[in-house]
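Okay, structure first, notes after.
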Amino acid sequence: MISFEPTEDQQLVRDTVASFASNQIRPIARDADESGQIPDSVVQQAWELGLIQSAIPEEHGGYGGDRSAVTSALVCEELGYGDLSIAMHVLAPRLVTYPVLELGSDELRKEVLPDYCGEKFVPGTAAVMEPSMGFDLNDLQATATRSNGSYKLSGAKCYVPLGSEARHAVVYAREGDGTAAFVVKTDSPGFEVAEREKIMGLKGLATYEVMLNDCTVPASARLDGDLKPIFNRSRIALASLAVGVARAAFEYARDYAKDRKAFGVPIAQKQAIAFMLAEMAIEIDSTRLLTWEAAWKLDRGEDATREACLAKNYAAEMVLKVTDNAVQVLGGHGYIRDHMVELWLRNGRGFAMFEGLALA
Amino acid sequence: MKILVAVKRVPDPNATIKVRPDGTGIVTDNLKYVVNPFCEIAIEEALRIKENHGGAEVVLVSVGEQVCQEQLRTGLAMGADRAILVLQDGDVEPVIVARALAKLVEQEQPDIVMLGKQAIDDDSNVVGQMLAEMLGWGQGTFASEVKLSEDKSSAVVTREVDGGLEDVEMPLPAIITADLRLNEPRYASLPGIMKARKKELKEIPLGDLGIDQSVQVKVHKLSPPPERQAGKKVETVQELVDLLHTEAKVI
């Protein structure tokens, strides 16, 4: 009944992304964090891997590849292992293409998807989170009101990745008692992008506050159908990214502990450190299994809300614990920017708050 | 134009290799396997020739066990057109690989056979050279640059030799083996991986090629390199200089 064997294709995809993450992403992660910029060349190279285009059907210019949540979980973990800011940047177009693929009308798919199948990286984004207390996906403060065959969107959004350069944003807002999603062209009147946010982690990723001032969109921009699978998919993506970040921190701390000597032996041989490392490995693997289960269930077309929520919540706690322990294993060195662990701790802290910030 | 590229399955160069206690081989449990990095460079070069010289068919060949198809798939995902797997269990010694390739060259009639200069597992560095000898073709080994003539009748291969570079020109068909600096291999793309599944991967048992399979080399024992001895601490510069002179004999 249970098999953890990836298919041959999944294995190849994972190997490819893993090698890209280790060789192209990781070496520039510190620079991206310090400078707040991700080099276009790396973004373009990631684009050429076809992470976005491959899932888009051939009739819209893509390759009609599989849209398995399990494959996405594998991809997200490897990208997160490379660097979270860069992972979220290169995956950002998925925030548009995935919901449009799943829930867009034929008309909307025809209009939007070909934009994301070209030779060059095209940024896309989603406006999900809000700067209000008690943020809840099912009780958003931003509103959508229907009038004369169009919708008016109003409210404030925050943590909108690539907000200032994105071509489209999927805006989530309250409509009546529920949540609805709209594909908004970012040059629409009333879609106003504020200053780039200054945040604790994810410093390479440009995120923005966005004001919706009676932003009017045609009725056809509304995504039609149940948003639950989209939210679950996002939870799985976030959980997998968190597993990747935690694995990066764990491996770094493990290698450091094997190398660093105190009292004549590597500190990894001291129980205080060895137990901590074992605990970290257990936490990471448990979270991965929770996440894979959620992804597997989603792939079967079942409601994976429970599993996806468990995975995402556990991942948020896990990544904080693991990255914090990694800093601890390195002792005084862990607090210095010469080592990556402080960056992973800052990035990992965000998962407790992120909702809908990634899709894959 | 047709380019045949040899591909070898080898342990991940980043993996820690352990020798089995009885010295009969290495510990393969949980060992990850990849395309030999030099073969990957050879594949990339073949693809570039294809892209820059108005098309070519790139055919991959591997000799080994069934699992070698994983590495062939990787090459197909990078963009090669089809693959041939010559099936044989256990280690296949270089001269037999060269004979198998020579046989396939007879069948496929390629214009170029590209190989890695050596595999990173046994570091033999002989298959390309032996193949050239068997076929009576010119060879450009340790290539750091490959230039084809306009009419694709000859190639100039820049070789990395001790203390410099050497350009050799040879008529095609020819053997070219890739060195590290020849190019930087591309990543397989997701669409490439999807397409790879539909590409032809033909399997031929080694026995069917009708070549001489007599074993000429027997591996007696593998042993790990000796552990590095700890360094020595000296009190004075004079002592250091003396030791460099008398013990290390470097000055």
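A note on names: the letters A, B, ... follow the listed sequences, proteins ahead of strands, and every chain is numbered from 1. Quick caveat: nothing in here was measured; it's all calculated off a predicted structure.
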side-chain contact (heavy atoms from CB on, under 4.5 Å) for A/E48 and B/Y187? Distances and angles first, verdict last.
CA-CA 9 Å; A/E48 284 162 13; B/Y187 292 92; over 6 Å; no

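Taking CG of B/L190 as the start and CG of A/L51 as the end, the distance is 5.5 Å to the nearest 0.5 Å. Remark: B/I193 CD1 to A/Q11 CD distance equals 10.5 Å, nearest 0.5 Å. Residue A/T16 holds its OG1 atom at 9.5 Å from CE of B/M78, rounded to the nearest 0.5 Å.
Within 6.0 Å of the CD atom in B/E235, the count of heavy atoms belonging to other residues, nucleotides or ligands does not exceed 12. Remark: A/D255 CG is packed, more than 12 non-hydrogen atoms of other residues, nucleotides or ligands lying under 6.0 Å away. A/Y63 OH: 12 or fewer foreign heavy atoms inside a 6.0 Å radius. Atom CZ of A/F4 has more than 12 neighbouring heavy atoms from other residues, nucleotides or ligands inside a 6.0 Å radius. Counting heavy-atom neighbours within 6.0 Å of A/D40 CG, excluding the residue itself, gives a total of 12 or less.
Contact of A/Q45 with chain B is made through the side chain alone, with heavy-atom distances under 4.5 Å. When heavy atoms are compared at a cutoff of 4.5 Å, B/E184 approaches chain A solely by way of its side chain, counted from C-beta outward. Of the two parts of B/R73, the backbone and the side chain both hold a non-hydrogen atom closer than 4.5 Å to a non-hydrogen atom of chain A.
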